[in-house]
Amino acid sequence: MARKADSHHVLPLFCDDLIASCVDMTPACFGAYMRLLCYAWTRGGIPDDEVACDRIAGGMEPGDWAAIRSRLTLLDDGRLSHQRLELER
């Protein structure tokens, strides 16, 4: 079945920018971050709630949330997203 042209099934990924902005993350933290970015892309944002984001991310180590949260911005509706992600949307 063909997808609608307006669906967000493809997330533009600017590899150099992404890697450069995440060099301080552990591999597990980076994986959690990517899962949250994918969730935000397809759903218009993520909850501003560490416990909910931990579930979405598949689990985070202590300190991961702080590293991830610092890269996110608060949207008008109270959810979180990433500034670059929203520019590309």
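- Of all heavy-atom pairs between A32 and G59, the closest is CB-O, 4.3 Å.
- Listed by chain and number, the residues in a side-chain hydrogen bond (donor to acceptor under 3.5 Å, both in side chains) with D16 amount to none (sequence neighbours excluded).
- Annotation: side chain of L80 is not in contact with side chain of P47 (no heavy-atom distance under 4.5 Å).
- Annotation: side chain of L18 is in contact with side chain of C22 (closest heavy-atom distance under 4.5 Å).
- Residues I19 and M25 are members of one and the same hydrophobic cluster, defined by side-chain heavy-atom contacts under 4.5 angstrom among Ile, Leu, Val, Met, Phe, Trp and Tyr.
- Under a 3.5 Å cut-off, the side chain of W41 and the backbone N or O of V10 do form a donor-acceptor pair.
- Legend: residues meeting side-chain hydrogen bond (donor to acceptor under 3.5 Å, both in side chains) with R84, ordered by chain and number and at least two apart, are D17, E88.
- For S81 and E86, the side-chain atoms include at least one donor-acceptor pair closer than 3.5 Å.
- Evaluation of the side-chain contact (heavy atoms from CB on, under 4.5 Å) rule for A66 yields no partner, not counting sequence neighbours.
- Residues satisfying the side-chain hydrogen bond (donor to acceptor under 3.5 Å, both in side chains) test with D76, not counting sequence neighbours, are none.
- Hydrophobic cluster membership is shared by L72 and L13, with clusters built from Ile, Leu, Val, Met, Phe, Trp and Tyr side chains linked at under 4.5 angstrom.
- Atom CD of E61 has 12 or fewer neighbouring heavy atoms from other residues, nucleotides or ligands inside a 6.0 Å radius.
- Between I68 and M60 the shortest side-chain heavy-atom distance falls below 4.5 Å.
- C53 and I46 get closest at one heavy-atom pair: SG-CD1, 3.8 Å.
- The side-chain heavy atoms of L11 and T42, taken from C-beta on, include no pair separated by under 4.5 Å.
- Under the side-chain contact (heavy atoms from CB on, under 4.5 Å) criterion, D24 pairs with R71, sequence neighbours left out.
- Between the OG atom in S70 and the CH2 atom in W65 there is a gap of 10.0 Å [rounded to 0.5 Å].
- Every residue two or more places apart in sequence or in another chain that forms a side-chain hydrogen bond (donor to acceptor under 3.5 Å, both in side chains) with Y33 is listed here: H82.
- Counting only distance, with no hydrogens or angles, the side chain of D48 and the backbone of G78 share no donor-acceptor pair below 3.5 Å.
- Without hydrogens or angle criteria, R79 side chain to L74 main chain gives no donor-acceptor distance under 3.5 Å.
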>> I'd like to know whether D64 forms a side chain to side chain contact (heavy atoms under 4.5 Å, CB included) with T26, so could you lay out the CA-CA distance, the side-chain angles of the two residues, the decisive distance to 0.1 Å, and finally the verdict.
In response: CA-CA 9 Å; D64 287 354; T26 65; 4.3 Å; yes
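- Side-chain contact between D54 and D49: absent, with no pair of heavy atoms (C-beta onward) separated by less than 4.5 Å.
- A distance of 12.0 Å separates CZ of R35 from CG of L37, quoted to the nearest 0.5 Å.
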